Amino acid sequence: PRQNSQGVPHFSTSEQGGRGSGKEGSSTRQQPRGSSLPSVLVDLGGLTKQLRDQKQQGIRASYQQLTELEQLCDHAMHVLQAEGSAMSSWALASVAISARAATQMLPRSSSPVQLCSALITAALAAPAMRTAQLGSWQELLSGLAGAGLQQNTHVLCQLALDSLPLTTWFAGDVQPKHVSLLAHAFATVDYMGGTGALWEGVMTALEKGKMQAAKPQEWSNL
């Protein structure tokens with residue numbers, strides 16, 4: 001593999017070709033054009049998506065794919081350690097989605113767990129998370145919770161409570177999806193400390209009829 005400017009190996013599509021046979025998959029991904037993510041994070045997201053799609057089709061991951069996934073987790077961890085605090089909230093949230101999938105696909109490996117730890121550190125230090133939209137917070141928290149790191153994300157939950165404009169949201173024209181996603185994110189990571197303002201806001205939204213136009217999935221999330 002080549003190395004980028006951070007010294008992190010990057011696998012090109014030609015170097016990723018698999019030798020899977022039968023019902024084993026092979027790596028044939030291409031980096032999306034115009035992506036603002038470091039290449040290794042794009043590769044990680046592409047591989048986890050490919051493996052999820054294969055699983056739905058009944059195709060098991062090949063040994064080569066799982067080995068590559070473990071390597072990408074290690075490389076992504078180093079990228080986060082080097083430049084994660086400067087990333088956008090969207091980028092950090094996308095890494096959480098990939099990390100959750102990697103943890104489920106590599107249950108005996110420490111690499112996805114170490115990636116999640118680096119992600120938590122980066123998110124805590126990233127100025128972008130202090131002005132992040134609700135969707136980024138929800139994906140970040142849910143992704144880490146899905147990776148089995150509920151307790152580790154509690155400090156991020158407190159940062160979210162300190163950063164999100166809850167008073168403004170619930171006092172204004174709050175949307176049902178905002179109410180349901182915010183409540184769901186905190187419930188997913190089993191965090192209750194310091195959430196008095198959150199649940200008070202949720203009850204206010206309910207009392208003022210803000211959930212009248214909610215869809216079934218939004219009620220389910222709530």
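Since this is a predicted model, take the numbers as computed values, not measurements. For the single chain, residues carry numbers from 1 onward in sequence order.
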Side-chain donor-acceptor contacts of residues 115-134 below 3.5 Å, not counting sequence neighbours, with atom names and distances?
from   : atom 1 : to     : atom 2 : distance (Å)
Ser117 : OG     : Val113 : O      : 3.2
Thr121 : OG1    : Ser117 : O      : 3.2
Arg130 : NH1    : Leu124 : O      : 3.2
Arg130 : NH1    : Ala126 : O      : 3.2
Arg130 : NH2    : Leu124 : O      : 3.0
Thr131 : OG1    : Ala128 : O      : 3.4

Can you name the nearest heavy-atom pair linking [X] to [Y], along with the distance?
X	Y	value
Gln54	Ala61	NE2-CA, 4.1 Å
Ala99	Pro112	O-CB, 4.5 Å
Val40	Ala76	CG2-N, 4.0 Å
Thr153	Leu141	O-CD2, 4.3 Å
Ala147	Thr103	O-CG2, 3.4 Å

What's the spacing between [X] [atom1] and [Y] [atom2] if we round to 0.5 Å?
X	Y	atom1	atom2	result
Gln175	Met211	CD	CE	11.0 Å
Met105	Leu51	CE	CG	4.5 Å
Ile97	Leu140	CD1	CG	9.5 Å
Glu68	Gln71	CD	CD	7.0 Å
Leu161	Trp137	CG	CH2	9.0 Å

Is there side-chain contact between [X] and [Y], with heavy atoms separated by less than 4.5 Å?
X	Y	result
Ser98	Leu41	no
Arg100	Leu144	no
Leu156	Val189	no
Asp43	Leu47	no
Val79	Met87	yes
Leu222	Leu206	yes

Residues which pass side-chain hydrogen bond (donor to acceptor under 3.5 Å, both in side chains) with Glu70, listed by chain and number, not counting sequence neighbours: Ser109
Can you name the residues that form a side-chain hydrogen bond (donor to acceptor under 3.5 Å, both in side chains) with Ser142, not counting sequence neighbours? Gln138
State whether the side chain of [X] and the backbone N or O of [Y] hold a donor-acceptor pair below 3.5 Å, judged by distance alone.
X	Y	result
His184	Ser180	no
Gln65	Ser62	yes
Ser94	Ala91	yes

Would Asp162 and Gln158 satisfy side chain to side chain donor-acceptor pair (under 3.5 Å), going step by step from the backbone distance to the final call? CA-CA 6 Å; Asp162 294 339; Gln158 189 57 53; 3.2 Å; yes
Once ring-ring contact (aromatic ring centres under 6.0 Å, His included) is applied, do any residues pair with Tyr191, and if so which ones, sequence neighbours excluded? His154
Does anything in residues 207-219 pair up under side-chain hydrogen bond (donor to acceptor under 3.5 Å, both in side chains), and if so which pairs, sequence neighbours excluded? Gln217-Asn221
